[in-house]
Participant: 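Okay, here's the structure, questions in a sec.
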Protein chains: 2
Amino acid sequence: MLANIKYLGQRAAQQIDVDLMSIHGFAIEQLMELAGLSVAESIAAEYARGRVLLCIGPGNNGGDGLVAARHLSQYGYRPALYYPKQPQKPLYTSLLQQCRAFQIPLVQDLPAAIADCDLIVDAIFGFSFAGPPRAPFCDALDALRAADKPVVSVDIPSGWDVDEGDRGHAGLRPDMLVSLTAPKRCAEHFAGRFHYLGGRFVPPEMARDLGLPSYPGTSNCIRLS
Amino acid sequence: MLANIKYLGQRAAQQIDVDLMSIHGFAIEQLMELAGLSVAESIAAEYARGRVLLCIGPGNNGGDGLVAARHLSQYGYRPALYYPKQPQKPLYTSLLQQCRAFQIPLVQDLPAAIADCDLIVDAIFGFSFAGPPRAPFCDALDALRAADKPVVSVDIPSGWDVDEGDRGHAGLRPDMLVSLTAPKRCAEHFAGRFHYLGGRFVPPEMARDLGLPSYPGTSNCIRLS
């Protein structure tokens with residue numbers, strides 16, 4: 001079944017996102033909620049309850065991370081957010097407000113936060129990213145790459161080219177990758193232990209075209225490899 | 001743990017909904033997605049995959065039902081919608097558009113649809129309802145009450161008074177009740193087999209005030225009785 005799964009290029013991934021919202025009527029808040037939920041569920045399937053540092057980028061990948069932080073908190077993890085560039089769009093300020101309601105702290109000192117956590121979530125750059133990374137994220141990537149903690153990347157390992165993978169050898173080397181909607185082409189170069197798929201919202205015709213596997217039962221994620 | 005759970009009156013339930021959105025920053029699309037997801041998960045925990053007729057009311061309870069229909073379809077159920085009064089608010093037209101993407105049919109003939117299903121979901125009236133029910137829903141309630149199929153009620157058994165229960169003896173007698181956020185006062189009169197709680201989005205302080213139980217693992221629902 002997995003043999004037929006398609007690895008999407010950057011343009012195809014962007015088009016599918018547009019189609020989900022314009023043709024199929026999904027709100028970004030719904031897609032992000034289900035995507036972030038699936039990231040949290042994937043983590044809960046593989047890592048013990050502990051301290052999770054979520055590194056949040058300025059776009060939708062960061063939004064998925066904010067949702068995941070909230071659900072991780074509900075699952076008994078102790079999340080903290082490193083969120084150096086907070087856009088003032090209502091979508092993101094609301095997601096942060098929700099994290100505040102769950103008493104999820106914001107941290108400023110990245111090296112101290114890395115030392116203090118058991119697991120890192122990389123929700124910095126997603127499938128819209130085109131490099132190279134700029135400040136403050138290039139320093140953050142350096143710090144995360146040097147960390148001796150497992151990294152879970154949301155959809156795209158940050159620093160990687162969406163199509164080509166870790167071309168500049170400056171990207172993260174995640175232990176887990178949670179592909180969202182469908183894996184992107186760079187995921188073929190993923191060499192970590194756990195490759196999951198999440199974002200259980202793809203209508204059946206689109207799922208067939210993308211060669212997506214069937215999720216088991218009521219699970220919001222599925223292990224691909 | 002369940003001993004401390006509060007049964008909310010109508011006003012308190014409305015206030016909590018307002019607080020979740022205004023103080024804690026949730027969008028209605030997020031709350032509805034997680035609520036509908038929890039209804040679908042509760043059903044999947046107790047009933048075999050089969051044909052599900054979802055009766056959809058004109059408000060937020062109907063919205064929860066539209067979300068549940070989509071997730072049930074993903075779980076392998078065959079949902080159909082009876083949706084006689086479709087408001088033109090974008091929230092509801094979008095949820096219906098999503099159901100269309102999942103090829104969930106709309107049915108017009110309620111008696112035929114009841115005969116053709118294995119399970120009925122009552123997503124007609126929620127915690128904002130104050131009776132008596134008007135056309136076309138009073139006839140629908142009569143037909144559903146006479147049906148020999150199990151009924152799952154979303155948050156409030158339709159026809160019941162939110163505080164007092166089935167005061168007029170004209171309400172449904174559900175086999176399952178899925179309370180959302182927290183059970184409402186009328187749930188104390190529920191006499192069916194399965195009482196579940198869903199809507200896993202309540203911030204910890206509010207959850208403590210409401211005496212909510214802890215959800216197990218990554219589950220989006222919990223059985224109360």
Side-chain angles (χ1 to χ4, degrees), chain A residues 19-38 40-45 49 63 66-67 70-77 90-104 200-207 212 214-221, chain B residues 19-38 40-45 49 63 66-67 70-77 90-104 200-207 212 214-221:
Chain A
D19 289 350
L20 284 169
M21 291 190 271
S22 62
I23 301 178
H24 300 312
F26 281 99
I28 181 79
E29 289 85 355
Q30 291 179 284
L31 298 177
M32 209 168 256
E33 191 65 35
L34 294 173
L37 177 70
S38 71
E41 252 193 58
S42 301
I43 289 171
R49 307 296 183 261
L66 293 172
V67 172
R70 174 163 40 86
H71 289 288
L72 285 170
S73 160
Q74 296 198 113
Y75 299 163
Y77 291 83
L91 175 63
Y92 303 119
T93 56
S94 296
L95 290 171
L96 185 57
Q97 194 179 346
Q98 294 157 33
C99 284
R100 225 174 279 129
F102 280 80
Q103 294 148 10
I104 300 171
R200 190 178 186 176
F201 45 58
V202 180
E205 212 168 304
M206 191 185 262
L212 297 186
S214 297
Y215 287 79
T218 60
S219 176
N220 293 294
C221 61
Chain B
D19 289 349
L20 284 169
M21 292 190 272
S22 62
I23 301 178
H24 300 312
F26 282 99
I28 180 81
E29 289 86 354
Q30 292 179 283
L31 298 177
M32 210 169 256
E33 191 65 35
L34 294 173
L37 177 71
S38 71
E41 253 192 56
S42 302
I43 290 171
R49 306 300 184 257
L66 293 172
V67 172
R70 173 162 43 82
H71 289 287
L72 286 170
S73 161
Q74 296 199 114
Y75 299 163
Y77 291 82
L91 175 63
Y92 303 118
T93 57
S94 296
L95 290 172
L96 185 56
Q97 194 180 346
Q98 295 157 32
C99 285
R100 226 176 275 128
F102 280 80
Q103 295 147 11
I104 299 170
R200 190 177 185 175
F201 45 59
V202 179
E205 209 168 307
M206 191 186 263
L212 297 186
S214 297
Y215 287 79
T218 61
S219 176
N220 294 294
C221 60

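Throughout, a chain's letter reflects where its sequence line sits, starting with A, and its residues are numbered from 1. The basis for the numbers below is simple: all heavy atoms, side chains too, and nothing from hydrogens, waters or symmetry mates.
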Participant: Return the option, out of B:Ser219, B:Gly217, B:Ala40, B:Cys99, with the maximum number of heavy-atom pairs under 4.5 Å with chain A.
Facilitator: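 So the answer, after comparing B:Ser219, B:Gly217, B:Ala40, B:Cys99, is B:Gly217.
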Participant: Which one of A:Val67, A:Leu20, A:Thr93, A:Ile23 has the most heavy-atom pairs closer than 4.5 Å to chain B?
Facilitator: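 Heavy-atom pair counts peak at A:Ile23.
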Participant: List the residues meeting side-chain hydrogen bond (donor to acceptor under 3.5 Å, both in side chains) with B:Tyr215, not counting sequence neighbours, and say none if there are none.
Facilitator: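 Once residues adjacent in sequence are excluded, B:Tyr215 has no partner under the side-chain hydrogen bond (donor to acceptor under 3.5 Å, both in side chains) criterion.
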Participant: Side-chain contact, heavy-atom cut-off 4.5 Å: B:Tyr77 with B:Ile43?
Facilitator: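 Heavy-atom side-chain distance check passes, below 4.5 Å.
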Participant: Can you list everything that forms a side-chain hydrogen bond (donor to acceptor under 3.5 Å, both in side chains) with A:Gln98? Sequence neighbours excluded, please.
Facilitator: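 Counting only residues at least two positions away or on another chain, A:Gln98 forms a side-chain hydrogen bond (donor to acceptor under 3.5 Å, both in side chains) with A:Arg70, B:Gln30.
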Participant: For B:Leu37, is it the side chain, the backbone, both or neither that has a heavy atom under 4.5 Å from a heavy atom of chain A?
Facilitator: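 The side chain, not the backbone.
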Participant: Measuring from A:Gln97:CD to B:Phe26:CZ, what's the distance to the nearest 0.5 Å?
Facilitator: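 That separation rounds to 9.5 Å.
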Participant: Any idea which of B:Gln103, B:Arg49, B:Glu205, B:Arg200 has the most non-hydrogen atom pairs under 4.5 angstrom with chain A?
Facilitator: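 Top count of heavy-atom pairs under 4.5 Å with chain A: B:Arg200.
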Participant: Would you give the length of the straight line joining atom NE2 of A:His24 to atom CG of A:Leu31, rounded to the nearest 0.5 angstrom?
Facilitator: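 Answer for the NE2-CG pair, A:His24 versus A:Leu31, is 11.0 Å.
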Participant: Where does A:Leu34 contact chain B at under 4.5 Å (heavy atoms): side chain, backbone, both or neither?
Facilitator: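 For A:Leu34, the side chain is the part near chain B, not the backbone.
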Participant: Counting only heavy atoms closer than 4.5 Å, note whether A:Glu33 contacts chain B via side chain, backbone, both or neither.
Facilitator: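 Side chain only.
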Participant: I need the A:Met32 CE to A:Leu95 CG distance, nearest 0.5 Å.
Facilitator: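 Rounded to the nearest 0.5 Å, the CE-CG separation comes to 6.5 Å.
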Participant: With a 4.5 Å cut-off on heavy-atom pairs, point out which of B:Gln74, B:Arg100, B:His71, B:Glu29 contacts chain A the most.
Facilitator: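 That would be B:Gln74.
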